[in-house]
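Would you mind keeping the following structure in view while I ask a few things?
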Amino acid sequence: MRRHKAPHVFAATLLGLLALAAPGARAASPVLSTAGAASLTGFVDWSARIVRFTAAIDGRAAGLRLPSARVEAERAIEAALPTLAKDLLFSIPVDARRSVLDTIADGTIDVDSVLGALESRRRVSGSFSTDFSTFSVAFELPLSALESLYVRHTRPSDRPPSLEWAPTGTYTGIVIYAALPLPVRGEHGEAAVRPCLFPRVWDGDMGSVLESNMVAPAAIARWGVVGYSSSVDSVGLEERVGDAPLRASARMVFGNGRTDLVISTEDARRIFGSPENSALVKEGRVVIVASGL
């Protein structure tokens, strides 16, 4: 049976959800949701490309009794999980302008698709607290389960050819440094880049260097449009960008959500100066080094 919240509780929940979904909101901090005796905390681990969340149920409030308490707790958590997880999932930034909730509102995807992505979750652990008052289950959900909802193209698009030539080399990937606050294009002040599912990269003339349609669907399914890392020494980075990546420094951040980057036109020409380097974008062999992930 559906539980009706008091008006002031509903209003607070709605205001919190809208704040989380506002452009530029980050899902890196724990998000708390409640449904009856159950609660959920979670965050996005952008480096690992995983949504990590833990659902818990208060045994006393739920009226659980041994010896069947564990079975009943697991059933209660499973039943409440879509309600509990929606705030966290809805808050995830999709691009510079929209969160998942925004894309539901504009008709890009629907609620059922987002909640259906929970089927891809992996249970990590489940246990009672030491006093047996609370039962908690930890889950992991790959970001690819959400990204797949937005991929509509079947083959990557090409960047329009440039009439300008620039010397280039042969690279195994692309690393864009954006670890420090950067000037915001078109505005005063600086800001740190914020991760999202589908960031864009621009050159100094605001030509598109990277966007989701330029990356092969198979690459997006494998590891997303870009990878995020807090360090160039992170484990597993070489798998994506190889041992001889092109290294570029971001010049500016761009967009309402501060998710997009601007690199120099010269670096963009180095990327697209050969078919082999252009293929790095199509293969998603791009990593953004950022702080606060």
Side-chain angles (χ1 to χ4, degrees), residues 22-26 46 93-99 102-103 106 108 147 150-153 155-169 171 173-217 219-220 224-229 241 245-292:
R26 301 187 72 173
W46 291 99
V94 174
D95 53 35
R97 298 179 297 105
R98 305 174 301 169
S99 66
D102 294 324
T103 63
D106 68 22
T108 301
E147 290 165 337
Y150 298 92
V151 177
R152 309 290 167 79
H153 63 290
R155 55 186 300 177
S157 60
D158 294 314
R159 172 182 161 104
S162 172
L163 298 178
E164 300 288 340
W165 180 85
T168 189
Y171 303 101
I174 301 166
V175 175
I176 302 175
Y177 293 91
L180 298 176
L182 295 164
V184 180
R185 181 179 172 85
E187 301 180 28
H188 296 293
E190 296 183 335
V193 66
R194 295 171 171 174
C196 71
L197 298 182
F198 300 105
R200 297 186 70 172
V201 179
W202 309 82
D203 64 24
D205 300 319
M206 297 311 290
S208 186
V209 175
L210 183 148
E211 59 182 277
S212 59
N213 286 347
M214 298 172 69
V215 184
I220 297 176
V225 170
V226 303
Y228 288 99
S229 176
V241 298
L246 184 155
R247 302 176 187 273
S249 294
R251 302 297 180 88
M252 290 179 279
V253 293
F254 181 60
N256 293 342
R258 310 304 193 233
T259 59
D260 297 352
L261 293 173
V262 180
I263 64 173
S264 71
T265 300
E266 291 73 22
D267 282 335
R269 289 172 182 164
R270 291 165 65 199
I271 294 172
F272 296 101
S274 72
E276 293 79 12
N277 292 341
S278 298
L280 299 175
V281 173
K282 297 180 179 180
E283 296 169 4
R285 295 188 177 276
V286 180
V287 167
I288 294 173
V289 177
S291 59

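In this text, all values refer to a predicted model and were calculated from it rather than measured experimentally.
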(request) Calculate, to the nearest 0.5 Å, the distance between atoms CG and OG1 belonging to Leu246 and Thr168 respectively. (result) 6.5 Å
(request) Calculate, to the nearest 0.5 Å, the distance between atoms CG and CZ belonging to Asn256 and Arg97 respectively. (result) 8.5 Å
(message) Are the side chains of Tyr171 and Arg247 in contact, using a 4.5 Å heavy-atom criterion?
(response) no
(request) Quick one: pull up CE in Met214 and OG in Ser278 and give me the separation to the nearest 0.5 Å. (result) 8.0 Å
(message) Do Thr103 and Tyr150 pair up side chain to side chain, a donor and an acceptor below 3.5 Å, judged on atom types alone?
(response) yes
(message) Tell me whether Asp203 contacts the main-chain N or O of Val209 through its side chain, where contact means a donor paired with an acceptor under 3.5 Å.
(response) no
(message) If I compare all heavy atoms of Val226 with all of Pro199, which pair ends up nearest, and what's the gap?
(response) CG2-CG, 3.5 Å
(message) Show, in sequence, the C-alpha distance, side-chain angles and deciding distance for Arg258 and Val184, and conclude whether the side-chain contact (heavy atoms from CB on, under 4.5 Å) test is met.
(response) CA-CA 8 Å; Arg258 310 304 193 233; Val184 180; 3.7 Å; yes
(message) Applying side-chain contact (heavy atoms from CB on, under 4.5 Å) to His153 and Ile220, what does each step give before you reach the verdict?
(response) CA-CA 11 Å; His153 63 290; Ile220 297 176; 3.9 Å; yes
(request) For the pair Ser291 (side chain) and Ala179 (backbone), establish whether a donor and an acceptor sit closer than 3.5 Å, ignoring hydrogens and angles. (result) yes
(request) Would you indicate whether the side-chain heavy atoms of Ile263 and Ile271 approach each other to under 4.5 Å? (result) yes
(request) Locate the shortest heavy-atom distance separating Leu182 from Arg251; write the atom from each residue and the value. (result) CD2-O, 4.2 Å
(request) Check Cys196 against Thr259 and note the closest heavy-atom contact, atom names and distance. (result) SG-CB, 3.6 Å
(message) Looking at Asn277 and Arg270, would you say the former's side chain and the latter's main chain have a donor-acceptor pair under 3.5 Å?
(response) yes
(message) Determine whether a donor-acceptor pair (N or O, by modelled atom type, separation under 3.5 Å) exists between the side chain of Arg159 and the backbone of Ser208.
(response) yes
(message) Can you confirm whether Val94 sits close enough to Asp102 that some side-chain heavy atom of one is under 4.5 Å from a side-chain heavy atom of the other?
(response) no
(request) For residues Ser212 and Phe198, report the shortest heavy-atom separation together with the two atoms involved. (result) CB-CD2, 3.7 Å
(request) Start with the C-alpha gap between Thr265 and Trp202, add the side-chain angles, then the distance that decides, and say whether side-chain contact (heavy atoms from CB on, under 4.5 Å) holds. (result) CA-CA 9 Å; Thr265 300; Trp202 309 82; over 6 Å; no
(request) Identify the heavy atoms of Glu283 and Arg285 that sit nearest to each other, and give their distance. (result) OE1-NE, 2.9 Å
(request) Identify the heavy atoms of Val287 and Ser229 that sit nearest to each other, and give their distance. (result) CG1-CB, 4.0 Å
(message) Can you confirm whether Arg152 is buried at CZ, in the sense that more than 12 heavy atoms of other residues, nucleotides or ligands lie under 6.0 Å from that atom?
(response) yes
(message) Just verifying a value: how many Å separate Ser274 OG and Arg269 CZ, rounded to the nearest 0.5 Å?
(response) 15.0 Å
(request) Assess whether side-chain contact (heavy atoms from CB on, under 4.5 Å) is satisfied between Asp260 and Val253, documenting all intermediate values. (result) CA-CA 6 Å; Asp260 297 352; Val253 293; over 6 Å; no
(message) Around atom CZ of Arg200, are there more than 12 heavy atoms from other residues, nucleotides or ligands closer than 6.0 Å?
(response) yes
